[in-house]
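We're numbering straight along the sequence, starting at 1. We use all heavy atoms of the structure for the numbers below, so side chains are in, but hydrogens, waters and symmetry mates are not.
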Amino acid sequence: MRARAGTLLVICALLAVAHTWPYARAPHRHSRVDNADYLLNAWAISWVAHQAWSDPLRLFDGNVFWPARGSLAFSEAMVVQGLMAAPIRALGGSPILAFNGVMLAGFTLTAFAFGLLALRWTGSWPAALVTASAAGFNAHLFTRMAQIQAMHVEFLALALFGLDQIFTRAKVRDAVTLGVGFALQGLTSIYLLAFTTWALIFAGASRLCTAGRGRRWRAVALAGLAAAVALGLLAFYLHAYYQVHLDQRFARTSADNVSLAGSYTDYLSSVSWVHYWWSRPFVEVSRSINFPGVTVLVLAAGALLPGRSGPEARQIMCAVGAAGCVAVALLPRMPGYERIHDLVPLFWAVRAQAHIGQIVLLFLALLAGFGAARLQQAWGARRRWPAVAAALVVLVNAEACRAPLPYRDFTGIPDVYEALRSEPGAVVVELPAYGRRDWAGNAVYMLNSTRHWKPIVNGYSGFLPASYARLQPALEGFPGHDALETMHRRGITHAVLHEAAFVGMYGRQRFDDIGAVHSLSEIARDGDVHIYRLR
């Protein structure tokens with residue numbers, strides 16, 4: 001089993017390189033730095049990698065949106081991904097190299113974990129490769145390359161393994177496996193924390209219905225132990241989000257859920273080269289891209305067919321889990337959802353309910369593995385079975401393939417930011433500071449801050465704090481007297497000005513006026529980037 005697992009890991013790593021090509025060719029340079037979410041998440045994992053060792057008790061107090069507290073929790077904290085990025089950052093790798101390395105690890109580990117689970121459950125090598133391919137490389141992931149959290153669902157496989165074990169072996173260590181798997185998955189993403197909870201609720205309910213009466217109470221007791229383990233591990237993480245909810249009144253509304261609810265079109269949408277020609281009309285109206293592929297659908301259906309080797313408890317569990325998650329995605333479209341939203345905290349943390357379709361794809365990947373194992377039982381003795389099995393794996397990958405993926409070259413963070421590293425007590429604002437309408441422009445400032453880690457006023461995330469919303473309009477008057485007074489009053493000590501963007505927004509005369517302001521002293525310059533100290 002150990003040798004087969006090692007082989008599976010190597011195959012998954014090779015598939016990850018192939019599906020994301022050409023990122024592996026130059027992971028330090030090929031990127032999507034033109035995407036604000038990519039920049040936000042590159043900052044987030046670099047912040048975790050930095051803060052986890054320097055000041056872990058203040059992990060969630062990101063250096064952005066100063067002076068707001070808990071700014072890491074304004075979006076996805078991604079603690080697990082940040083810890084994975086730590087060795088790359090410690091060795092001098094850029095945030096972009098760290099992002100790409102963790103992204104490739106996510107594709108690889110997700111495929112590996114689900115493939116290993118299928119191998120454990122079926123004993124079939126073709127089933128493992130089919131499941132690994134369908135789980136790790138699917139239509140959903142290639143439309144969310146900037147959201148690195150989406151690539152890391154490997155711990156859901158561990159949680160499902162633990163859930164199955166509490167109904168079969170029923171040992172205390174199985175409850176620990178379930179609890180640890182759930183907690184680790186939650187630490188990759190607050191979205192995935194909510195989605196994993198739904199997945200386990202539906203899967204667990206299915207297993208309770210199919211389990212013998214004598215096993216149910218012990219399984220329920222072990223599930224309770226697993227919940228206690230998970231809550232213990234997640235306490236600091238959940239407390240940080242709850243504190244932001246109290247301090248900032250941050251919660252997703254029912255209107256947020258309705259606007260980004262799932263639809264049947266999601267499951268007809270694919271951006272792969274094989275399917276995009278017919279799927280494009282559905283892609284254009286969908287909130288999440290979740291077509292699993294014809295091969296996966298056929299194999300999954302085969303796993304559920306009646307017969308002598310018809311569906312067993314595990315197959316039924318996966319089918320119920322998939323159906324339940326589809327229902328959660330569609331629920332915001334149902335009449336009376338507003339009342340349901342207020343009663344269910346899982347809806348408060350997630351805006352795009354449609355993205356739970358990713359969990360549907362994972363359950364379908366497992367079912368496809370069961371379908372492949374069932375085919376092997378029927379055809380395994382035939383001479384042509386190895387060729388058929390290989391063809392199934394090739395078809396699953398071909399139906400998902402989008403490579404070569406688009407990219408932009410990252411040229412590095414300007415060296416001028418090094419000047420801020422040696423400025424004691426610096427609090428920085430980058431100008432122009434973008435407002436609500438175009439505030440994604442602040443994302444590149446967050447990436448720049450990884451060069452010095454000083455507090456910065458700017459930020460971009462899934463939430464706009466009131467402190468920034470009040471300050472930003474005053475900064476538009478820079479270098480006017482009122483803007484400078486506001487900056488002094490707020491404790492801002494340095495301004496980084498991007499000349500081309502500033503002139504494009506406010507005109508050349510406004511930039512020329514800076515030279516006449518005696519309270520501003522230029523301490524560094526690199527190209528069109530100027531750093532001023534406020535006196």
- Message: Within this structure, what is the CD-CD distance for the pair Gln81 and Gln149, rounded to the nearest 0.5 Å?
- Response: 7.0 Å
- Item | Close aromatic pair by centroid cut-off 6.0 Å: Tyr337 and Phe347 | yes
- Note on the structure: CZ of Phe202 to SG of Cys318, rounded to nearest 0.5 Å, is 14.5 Å
- Query: How far does CZ of Phe107 sit from NE2 of His152, to the nearest 0.5 angstrom?
  - Reply: 9.5 Å
- Return yes if a side-chain donor-acceptor contact under 3.5 Å exists between Gln376 and Ser124, otherwise no. yes
- Message: How long is the straight-line distance from CG of Leu299 back to CG of Leu375, given to the nearest 0.5 Å?
- Response: 6.0 Å
- Query: What closest approach, in Å, do Val296 and Leu364 show between heavy atoms, and which atom pair accounts for it?
  - Reply: CG1-O, 3.9 Å
- Are more than 12 heavy atoms from other residues, nucleotides or ligands located less than 6.0 Å from atom OH of Tyr242? no
- Query: Taking NZ, NE, NH1 and NH2 as the nitrogens, is one of them in Asp266 or Arg287 under 4.0 Å from a carboxylate oxygen of the other?
  - Reply: no
- Going through the distances and angles, do Ser288 and His140 end up as a side-chain hydrogen bond (donor to acceptor under 3.5 Å, both in side chains)? CA-CA 7 Å; Ser288 192; His140 182 92; 3.3 Å; yes
- Does the side chain of Ser189 come under 3.5 Å of the side chain of Glu76 through a donor N or O and an acceptor N or O? yes
- How close do Leu158 and Gly181 get, heavy atom to heavy atom, and via which atoms? CD2-CA, 3.7 Å
- Message: Looking at every heavy atom in both Met151 and Arg144, which two are closest together, and how far apart are they?
- Response: CE-O, 3.3 Å
- Provide the closest heavy-atom pair for Tyr23 versus Met103 in the form atom of the first, atom of the second, distance. CD2-CE, 4.0 Å
- Query: If you draw the axis of the six-membered ring of Phe463, does the NZ or CZ of Arg351 fall within 45° of it and under 6.0 Å from the ring centre?
  - Reply: no
- Looking only at heavy atoms, the pair that brings Ile11 and Trp125 closest together is CD1-CZ2, 4.1 Å
- Query: Any idea which heavy atoms bring Ser46 and Arg89 closest together, and the distance?
  - Reply: OG-NE, 3.3 Å
- Message: Using a 6.0 Å cut-off, check whether atom CH2 of Trp277 has over 12 heavy atoms from anything other than its own residue.
- Response: no
- Task: Consider only side-chain N and O atoms of Asn41 and Gln147, and report whether a donor and an acceptor are under 3.5 Å apart.
- Result: no
- Item | Distance in Å, Met145 CE paired with Thr20 OG1, rounded so as to fall on 0.5 Å steps | 6.0 Å
- Message: Is it the case that atom CZ in Arg4 sees more than 12 heavy atoms from other parts of the structure closer than 6.0 Å?
- Response: yes
